[in-house]
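Note that the coordinates shown come from a computational prediction; the quantities given were computed from them, not determined experimentally.
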Amino acid sequence: MMNPNVGLGTKAIHAGNVKDTQYGALTTPIYQTSTFVFDSCEQGGRRFAGQEGGYIYTRLGNPTVSVLENKVAALECGEACVAAASGMGAISSALWTIAGAGKHIVADGTLYGCTFALLNHGMSKFGVSVKFVDFADLAAVKAALTSAGLDASAFAVAQTSDAAVEKTAESLDCDVVIVGAGGAGLTAAAQAAENGAKVIVVEKMPIVGGNSLKATGGMNAADTKYQEALGITDSGVDEFIEDTMNGGHQINDRSLVTVMAEESSDAVDWLDAIGAPLPKVAATGGTTHKYLHEPEDGSAVGSYLVEKLNAQAEKLGVQIMLNTEATEILTENGAAVGIKAESKEHNYTIHAKSVILATGGFGANFDLMASFNPALANAVTTNHAGATGDGILMAEAIGADTVDMDQIQLHPTVYQETGLLVSESVRSMGGILVNAEGKRFCNDLATRDAVSNAELEQPGAYAYIIFDQRIVDDLKSCQKYIKNGLTVSADNYEDLAKAMGLEGDAIQNFVDTMDTWNAAVAAGEDKEFGRNNGMDADLSTAPYYAIKIAPGIHHTMGGLKINTDAEVLDTQGNAIPGLYAAGETTGGVHGGNRIG
């Protein structure tokens with residue numbers, strides 16, 4: 001996500017633009033061409049087969065359209081945008097994305113003629129059932145939904161007017177109330193429900209997932225059955241503890257790190273038990289060992305886990321209240337006994353025996369971050385809009401202590417136009433970073449802060465992440481980057497350098513850099529920068545890809561101070577009865593830098 005503090009005018013002019021390496025034009029030209037040239041018949045075949053990014057035919061994709069889509073995504077603070085050539089193109093794309101044989105659509109009979117024809121004549125030929133009713137007749141709408149086998153009450157919409165809606169008070173009771181439905185919150189909900197608790201989760205956003213939806217790498221764990229099956233014997237709990245402490249510059253709370261490492265294999269086993277196995281294991285930035293556990297098919301780990309966790313929570317009867325924002329922690333005799341929350345229609349008082357705060361960090365709260373580091377006021381962030389530190393602020397209001405709040409991590413590989421994080425897995429699988437001179441400049445898989453700082457010292461304070469078709473085939477996130485137009489590609493190193501906009505000596509530098517790197521992989525030794533992980537395979541499988549990246553705000557290591565039972569501590573070091581915290585809401589685990 002681009003920094004919302006950047007004005008619309010700036011975004012409208014600069015967002016999404018691709019550097020014109022031939023003439024130096026500030027804005028992208030209008031490419032009035034129907035077809036595009038391929039370097040070879042083989043390249044054309046790969047592009048038509050969807051195996052390689054690039055342009056084929058203007059109606060399928062055009063550089064000008066790609067810039068428009070990236071610009072609109074930035075203006076709307078989204079991750080991606082799809083532009084259509086016409087209204088019917090947009091409507092058809094939207095409908096066919098969600099509809100298929102056996103699906104049911106209830107539509108207003110007064111729809112525009114072409115849309116009506118598409119629904120009435122086109123989609124019905126493919127097994128889609130369409131029922132037209134008068135949407136002004138709510139009884140008819142309800143009957144149509146019911147006849148399609150749907151619960152009409154789920155589609156009920158409150159009547160609105162220009163006047164403010166008077167909220168009704170509602171009181172709820174449960175054993176555990178959880179604030180936040182990201183990875184930590186859903187995990188806590190599912191496990192509490194497994195133990196027989198009545199659980200309510202409140203989430204201020206309209207969907208579950210939080211920042212977890214943006215995670216594309218994997219989950220660190222040690223002494224797992226998957227490591228054992230792969231013959232990985234040097235990446236145990238002790239190594240995990242020391243790598244985490246060293247990565248965090250030794251300001252972490254060792255007791256918390258120890259609990260995390262010792263119980264990490266149990267977490268992997270539990271995920272396996274609910275149908276969310278993570279059998280692939282790789283190295284990650286800042287470690288010399290292989291802890292990073294990933295889905296078998298190369299899917300982004302965050303959305304994969306959120307789907308599984310949400311299904312498990314729902315299966316166990318957890319009540320998840322979306323669009324509902326917690327505003328206050330209720331206390332009685334110094335103990336947390338519930339929360340206050342509000343939605344559009346209701347003011348909730350939720351009484352509970354325990355309160356778990358899982359609202360994430362504050363990587364989208366620029367005012368709060370700038371209070372600790374003013375230089376971050378105009379930075380790009382990878383965080384979703386809801387990561388504003390709500391749980392931390394609510395707990396502070398009842399006397400909770402915080403730790404390491406000034407420790408805010410930059411991630412080195414962020415696509416600046418949209419704030420999209422380019423996964424660390426790209427480098428874990430062998431990708432490298434080069435600067436505008438075509439040269440590597442650091443250990444590409446050092447800790448995130450070290451790589452980010454090195455990047456900021458390069459000409460223009462940016463770099464390129466380089467990967468090949470081997471990595472694309474194994475990592476679905478790379479396929480997403482290609483589809484969304486983030487990459488440039490070529491069949492050889494020299495042409496890739498030119499596609500990146502490198503000029504003069506930088507082109508040959510880049511070719512030499514690639515040859516040197518491949519030789520280092522073959523020898524098993526990076527003499528230039530001492531990289532010792534993510535070197536299982538070289539970058540020799542054409543085509544080759546590059547994405548222009550720079551550092552962006554990624555993770556806030558600071559948060560609520562907790563003990564090894566995840567109890568929130570007050571400013572005197574005492575546990576606040578009934579109050580717990582999980583995930584990025586907490587501080588102390590990662591110290592000055594998070595690995596993986």
Heavy-atom closest pair, residues V451 and P412: CG1-CB, 3.5 Å
R254/E242 salt bridge by N-O under 4.0 Å criterion: yes
Heavy-atom neighbours of K280 NZ exceed 12 at 6.0 Å: yes
H590 and T244 side chains, donor-acceptor separation under 3.5 Å: no
Separation between OG1 of T586 and CG of L256, rounded to the nearest 0.5 Å: 7.5 Å
Value rounded to 0.5 Å, distance of OG1 in T382 from NZ in K214: 6.5 Å
H249 side chain to N593 side chain, donor-acceptor N/O pair below 3.5 angstrom: no
Any side-chain donor near an acceptor of the partner, N492 and D495, under 3.5 Å: yes
Donor-acceptor pair between Q469 and Y545 side chains, under 3.5 angstrom: yes
NZ/NE/NH1/NH2 to OD/OE distance under 4.0 Å, E494 and K498: yes
P29 backbone acceptor or donor facing T64 side chain under 3.5 Å: yes
Exam field: side chain D404 to backbone G558, donor-acceptor pair closer than 3.5 Å: no
Smallest separation among heavy atoms of T284 and N220, with atom names: CG2-OD1, 4.0 Å
Exercise: identify the closest heavy-atom pair between Q458 and A454: NE2-O, 2.8 Å
Check: H411 ring centroid to H555 ring centroid under 6.0 Å: no
R47 bridged to D39 by N-O distance under 4.0 Å: no
Ionic contact status for R46 with D491, cut-off 4.0 Å: yes
Nearest-0.5 Å distance, CD1 of residue I466 to CD1 of residue I547: 9.0 Å
Verdict with supporting geometry, R448 and E424, salt bridge (charged side-chain N to carboxylate O under 4.0 Å, His left out): CA-CA 9 Å; R448 290 171 179 171; E424 201 159 73; 3.0 Å; yes
Under 3.5 Å: donor-acceptor pair, side chain of N533, backbone of T287: yes
Residues, nucleotides or ligands: over 12 heavy atoms within 6.0 Å of D234 CG: yes
Test item: side-chain donor near acceptor, E584 and T556, under 3.5 Å: yes
D444 side, atom CG; L433 side, atom CG - distance, nearest 0.5 Å: 5.0 Å
Backbone N/O of G182 and side chain of N211: donor-acceptor pair under 3.5 Å: no
Donor-acceptor contact below 3.5 Å, side chain N509 vs main chain E437: yes
Interatomic distance, E457 atom CD to S452 atom OG [nearest 0.5 angstrom]: 11.5 Å
Note: R440-D526 ion pair, threshold 4.0 Å (strictly below): yes
Closest heavy-atom pair and its distance - I471, C478: CG2-SG, 3.9 Å
E455 side-chain N/O to A461 backbone N/O, donor-acceptor pair under 3.5 Å: no
Under 3.5 Å donor-acceptor, T381 side chain and G363 backbone: yes
Inter-residue atom distance D406.CG - I408.CD1, 0.5 Å rounding: 7.5 Å
Side chains of N246 and Q250, donor plus acceptor under 3.5 Å: yes
Ring centroid separation Y493 to Y544 under 6.0 Å: yes
Nearest non-hydrogen partners of N484 and A80, listed with the distance: ND2-CB, 4.0 Å
Residues R594, D449; criterion salt bridge (charged side-chain N to carboxylate O under 4.0 Å, His left out); working and verdict: CA-CA 9 Å; R594 179 171 73 89; D449 55 345; over 6 Å; no
Q416 side chain vs I549 backbone, donor-acceptor pair below 3.5 Å: no
CD/Q508: more than 12 non-hydrogen atoms of other groups inside 6.0 Å: yes
Min side-chain heavy-atom separation F510-N435 under 4.5 Å: no
S66 and K71: side chain donor to acceptor below 3.5 Å: no
S428 side chain to A282 backbone, donor-acceptor under 3.5 Å: no
Shortest non-hydrogen contact from G430 toward W517: O-NE1, 3.7 Å
Test item: R531 side-chain N/O and G534 main-chain N/O as donor-acceptor pair under 3.5 Å: yes
Short side-chain donor-acceptor distance under 3.5 Å, Y291 and D243: yes
